[in-house]
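Data first, discussion second: the structure below is written as structure tokens.
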Amino acid sequence: MSSLSVFRKVAVAEGISYLLLLFVAMPLKYWADLPLYVKYTGWAHGSLFVLYGATLIMAWQEQKWKFGKAVLIFLASLLPFAPFIVDRKLKDERPEAVNNSL
């Protein structure tokens, strides 16, 4: 399995965790006085965010992306819904190892 495919899976998981944190856990904390949901959802999202960064670096090296592309992909992790756009854009990108064998 290429690091690109691993990164894409992590990007989707990170995007889902971010949406859950923003649109489920935070409203529960402030409107229903249930702060525990933010604690656990935030912990999961934080872990996935770190994994997003680590797998991004691995995919960046494997795919030989330009620095600017890697920065844009990283910045996408800071915006809701953007990781799903990144996943869709990278869907058609082939792993560098396959490109070199052609």
Side-chain angles (χ1 to χ4, degrees):
M1 181 180 288
S2 73
S3 60
L4 179 61
S5 63
V6 172
F7 171 72
R8 287 184 56 227
K9 288 178 175 87
V10 169
V12 169
E14 191 271 343
I16 291 169
S17 74
Y18 193 23
L19 294 177
L20 287 173
L21 181 62
L22 290 176
F23 298 116
V24 177
M26 295 297 283
L28 285 173
K29 176 181 179 176
Y30 291 107
W31 295 338
D33 197 30
L34 296 168
L36 202 57
Y37 288 96
V38 170
K39 178 180 179 179
Y40 293 115
T41 308
W43 180 85
H45 172 66
S47 299
L48 286 167
F49 181 78
V50 170
L51 194 58
Y52 182 97
T55 56
L56 170 60
I57 290 169
M58 291 169 38
W60 175 22
Q61 291 174 344
E62 179 184 272
Q63 297 299 304
K64 297 176 176 42
W65 290 331
K66 292 183 179 180
F67 179 74
K69 181 175 183 173
V71 168
L72 285 176
I73 292 172
F74 175 76
L75 291 175
S77 71
L78 305 175
L79 302 171
F81 303 104
F84 306 110
I85 296 168
V86 167
D87 177 58
R88 185 174 299 168
K89 296 279 186 189
L90 295 178
K91 183 178 182 181
D92 296 328
E93 210 167 292
R94 294 165 52 164
E96 186 64 30
V98 174
N99 289 339
N100 285 340
S101 67
L102 295 177

- Is any side-chain heavy atom of Thr41 less than 4.5 Å from a side-chain heavy atom of Ser17? no
- Any link between Val86 and Leu75 through a network of hydrophobic side chains (Ile, Leu, Val, Met, Phe, Trp, Tyr) touching at under 4.5 Å? yes
- When hydrophobic residues are tied together by side-chain contacts of less than 4.5 Å, even through go-betweens, does Leu51 share a cluster with Ile57? no
- Message: Count I, L, V, M, F, W, Y as connected when their side-chain heavy atoms are under 4.5 Å apart, and connections chain through other members. Are Val10 and Met1 then in the same cluster?
- Response: yes
- Could you grab the distance from atom CZ of Arg8 to atom OG of Ser2, nearest 0.5 Å is fine? 9.0 Å
- Item | Value rounded to 0.5 Å, distance of OG in Ser5 from CG in Leu90 | 11.0 Å
- Task: Give the C-alpha distance, both sets of side-chain angles, the deciding distance and a yes or no for side chain to side chain contact (heavy atoms under 4.5 Å, CB included) between Phe81 and Leu19.
- Result: CA-CA 8 Å; Phe81 303 104; Leu19 294 177; 3.7 Å; yes
- Query: Measuring from Lys91:NZ to Arg88:CZ, what's the distance to the nearest 0.5 Å?
  - Reply: 8.0 Å
- Main-chain N/O of Trp65 paired with Trp60 side-chain donor or acceptor, under 3.5 Å: yes
- Whether over 12 other heavy atoms sit under 6.0 Å from Lys39 NZ: no
- Query: When clusters are formed by joining ILVMFWY residues with side-chain heavy atoms under 4.5 Å apart, either directly or through shared neighbours, do Val38 and Trp31 land in the same one?
  - Reply: yes
- Message: Walk me through whether Met58 and Val6 qualify under side chain to side chain contact (heavy atoms under 4.5 Å, CB included).
- Response: CA-CA 9 Å; Met58 291 169 38; Val6 172; 5.6 Å; no
- Message: Is the distance between the ring centroids of Phe7 and Tyr52 under 6.0 Å?
- Response: yes
- Message: Could you go through Tyr37 and Val24, starting from their C-alpha distance and side-chain angles, then the distance that decides it, and tell me whether this counts as side chain to side chain contact (heavy atoms under 4.5 Å, CB included)?
- Response: CA-CA 8 Å; Tyr37 288 96; Val24 177; over 6 Å; no
- Message: Would the distance check show the side chain of Ser47 and the main-chain N or O of Trp43 forming a donor-acceptor pair, the cut-off being under 3.5 Å?
- Response: yes
- Val71 and Leu56: same hydrophobic cluster, using ILVMFWY side-chain contacts below 4.5 Å? yes
- Query: Distance from Lys9 atom NZ to Leu4 atom CG, nearest 0.5 Å?
  - Reply: 9.5 Å
- Task: For the residue pair Pro83 and Val12, establish whether any side-chain heavy-atom pair is separated by less than 4.5 Å.
- Result: no
- Task: Examine distances only and state if a side-chain atom of Glu14 and a backbone atom of Phe49 form a donor-acceptor pair shorter than 3.5 Å.
- Result: no
- Which distance, rounded to the nearest 0.5 Å, do you find between the CG of Leu48 and the CG of Leu21? 11.5 Å
